[in-house]
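Reviewing the structure listed below.
For the numbers below, each heavy atom of this structure counts, side chains included, while hydrogens, waters and symmetry mates do not.
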Amino acid sequence: MFDLLITNATLPDGRTGIDIAVRDGRIAAVEAGITAEAGQAIDAGGLLVSPPFVDPHFHMDATLSLGLPRMNVSGTLLEGIALWGELRPTLTKEALIERAVRYCDLAVSKGLMAVRSHVDVSDPRLVTAEALLEVREIVAPYLDLQLVAFPQDGYYREPGIVDALSRALDMGVEVVGGIPHFERTMEDGTRSVEALCRIAADRGLMVDMHCDETDDPLSRHVETLAAQTVRFGLQGRVAGSHLTSMHSMDNYYVSKLLPLMAEARMAAIPNPLINMMLQGRHDTYPKRRGLTRIPQMMEMGIPVGLGQDCVMDPWYSMGTGDLLDVAHMAVHATQMGSIADKRALFDAVTVNSAEIMGLERYGLAVGCHADMVILHCADTAEAIRLRPARLKVIRRGKVVAETAPQVSRIMLDGRPDHVTPADYAPRDAV
């Protein structure tokens, strides 16, 4: 007797006609033709069943704050940072919690059940850390929230930030962050990478740095981060986020840099939506778009997880909480249009990001948490094309959100009376 039985599922790896049985919040069987009884049965109808989406790079302390204290008129990274600097002293714990939890409601409706959020620790009050630590507990039953101590203004730029970051880690923030390219000098950036990696090594923590989020082809902090990762024995525990300077770097230098990253077992976390929006602002035409070299990283075996970074905040006025929007942008920006490419990008918003975050018991194998999403589409390529309804969102074997299928009525003589986008899947995808 199972608690839940999902039948006739298509899995992300291409297997079809698969049943998934759940007992006590864990996946108990994944195979065809399960005949045992269950307390609840859901017929997937041949549609895609995926593990939950995972966002490895987000700023939950800023989410849904669009328009506070005013709109970002230029749409640039620097104006966004300036606006956040004005807003930060006025932040209250209560308002931060309200916005963050409200965002998590949206995230779960999209099948997003794990988020790594950077927490600005530049204000010594640490109201952001206090609020998001409380949010982490509030949402724990339905979303895994991992927090990064992030010195938004630079580790060495202002007095007190070094101490504030340490205090945030003492409070329970579990990942060490940084922003070396925003220090006052290249030398300060290099020192900050070394100091922050040393802290992570001493405390046994992971590292996730905003690294070379710039159009400067001579920015070299990714190289430094790879070297310090090896120096401090942090292999497999370090991620470089954004890495947009690599878009503009000399090809010969990149041919040296990517093997260094692979040797250090560094992960990469590009953010296609915001990288496409914010980079290349000083260009006329041709205009650089600033997305890092995702296909080449994947070819080198570097783990790539795609994040959405922002949803309706001072830096990005758009965003829906849907990681498939992120993958959809990545397909276009990287020209990764084949079926295999799309499957790789689907992995970048699911299994790769879960690995980068170190999530335990994640996936669709026996023994994993019974966390999954039934999508109204045929396969992973169709998921990215359609960004379809999440018919069922399941957490620990219980349905926590559901969305009706997208069906449009049409009134045309001699034509069908409805249209369903999922019915337009190519024949070889069915």
Item to complete: Mind running side-chain hydrogen bond (donor to acceptor under 3.5 Å, both in side chains) on S338 and D341 for me, showing each step along the way?
Response: CA-CA 5 Å; S338 73; D341 286 340; 3.1 Å; yes

Worksheet item: Ring centres of H210 and H181 under 6.0 Å apart?
Response: no

Fill in: Under-4.0 Å salt bridge between D347 and R343
no

Discussion item. Is it the case that atom CZ in R203 sees more than 12 heavy atoms from other parts of the structure closer than 6.0 Å?
Written reply: yes

Discussion item. Any salt bridge linking K93 with E134? Criterion: basic side-chain nitrogen under 4.0 Å from a carboxylate oxygen.
Written reply: yes

Fill in: Rounded distance (nearest 0.5 Å) linking atom NE2 of H57 with atom CD1 of I356
12.0 Å

Worksheet item: Does a side-chain heavy-atom distance below 4.5 Å link V148 with V173?
Response: no

Worksheet item: Should the pair R387-D325 be classified as a salt bridge under the 4.0 Å nitrogen-to-oxygen rule?
Response: yes

Worksheet item: Do any N or O atoms from the side chain of D19 and from the backbone of I34 form a donor-acceptor pair under 3.5 angstrom?
Response: yes

Discussion item. Using modelled atom types and a 3.5 Å cut-off, is there a donor and acceptor pairing between side-chain atoms of Q228 and backbone atoms of C197?
Written reply: no

Worksheet item: Nearest heavy-atom pair of T128 and D120: which atoms, and what distance?
Response: OG1-O, 2.5 Å

Worksheet item: Looking only at heavy atoms, what is the nearest atom pair of L278 and G75, with distance?
Response: CD2-O, 3.0 Å

Practice prompt. Identify the two heavy atoms, one from K342 and one from I384, that lie closest to each other, and give their separation to 0.1 Å.
Written response: O-CD1, 3.3 Å

Practice prompt. Using a strict cut-off of less than 4.0 Å between a Lys/Arg side-chain nitrogen and an Asp/Glu carboxylate oxygen, indicate whether D144 and R395 qualify as a salt bridge.
Written response: yes

Practice prompt. Answer yes or no: is there an ion pair linking R396 with D371, defined by an N-O contact shorter than 4.0 Å?
Written response: yes

Worksheet item: Are any side-chain N or O atoms of E31 and backbone N or O atoms of I18, one a donor and one an acceptor, separated by less than 3.5 Å?
Response: no

Fill in: Closest contact, heavy atoms only, L324 versus P388
CD1-CD, 3.9 Å

Worksheet entry | N-O pairing of D24 and R26 below 4.0 Å | no

Item to complete: Would you sort out whether T292 and T244 count as a side-chain contact (heavy atoms from CB on, under 4.5 Å), showing the intermediate values?
Response: CA-CA 5 Å; T292 197; T244 57; 5.8 Å; no

Worksheet item: Do side-chain atoms of S353 reach the backbone of V349 as a donor and acceptor pair under 3.5 angstrom?
Response: no

Practice prompt. Ignoring hydrogens and angles, state whether a donor on the side chain of S122 or Q152 is under 3.5 Å from an acceptor on the partner side chain.
Written response: no

Practice prompt. Using a strict cut-off of less than 4.0 Å between a Lys/Arg side-chain nitrogen and an Asp/Glu carboxylate oxygen, indicate whether E86 and R70 qualify as a salt bridge.
Written response: yes

Item to complete: Locate the shortest heavy-atom distance separating S109 from T403; write the atom from each residue and the value.
Response: O-OG1, 4.4 Å

Worksheet entry | Reference residue W84; test side chain to side chain contact (heavy atoms under 4.5 Å, CB included); the match among D313, D61, D153, N72 | D61

Practice prompt. Could you tell me whether R191 and E183 have a side-chain N and a carboxylate O separated by less than 4.0 Å?
Written response: no

Discussion item. Nearest 0.5 Å, please: how far is NZ in K287 from CG in D215?
Written reply: 9.5 Å

Worksheet entry | Near-ring test H59/F150, centroid separation under 6.0 angstrom | yes

Worksheet item: Should the heavy atoms of other residues, nucleotides or ligands under 6.0 Å from CZ of R361 be counted, would the total exceed 12?
Response: no

Discussion item. With a 4.5 Å cut-off on side-chain heavy atoms, are Q279 and E213 touching?
Written reply: yes

Worksheet item: Applying the side-chain hydrogen bond (donor to acceptor under 3.5 Å, both in side chains) test to Q146, which of R116, E174, R136 qualifies?
Response: R116

Worksheet item: Can you check whether M261's main-chain N or O pairs, donor with acceptor, with R265's side chain at less than 3.5 Å?
Response: no

Worksheet item: Would you say L64 and R102 make side-chain contact, with heavy atoms under 4.5 Å?
Response: yes

Item to complete: May I ask you to say whether E223 pairs ionically with R220, meaning some side-chain N is under 4.0 Å from a carboxylate O?
Response: no

Worksheet item: Should E355 and Y362 be marked as a side-chain hydrogen bond (donor to acceptor under 3.5 Å, both in side chains) after you check the CA-CA gap, both sets of side-chain angles, and the distance that decides it?
Response: CA-CA 9 Å; E355 178 186 355; Y362 173 93; over 6 Å; no

Worksheet item: Rounded to the nearest 0.5 Å, how far does CD1 of I161 lie from OG of S192?
Response: 11.0 Å

Worksheet item: Are any of the side-chain nitrogens in R288 or D283 under 4.0 Å away from the carboxylate oxygens of its partner?
Response: yes

Worksheet item: To the nearest 0.5 Å, how far apart are OG in S50 and CZ in R390?
Response: 9.5 Å

Worksheet item: Sub-3.5 Å donor-acceptor pair from the side chain of S117 to the main-chain atoms of M60, do we have one?
Response: yes

Item to complete: Specify the closest pair of heavy atoms between A100 and T63, including all atoms of both residues, with the distance to one decimal.
Response: CA-CG2, 4.4 Å

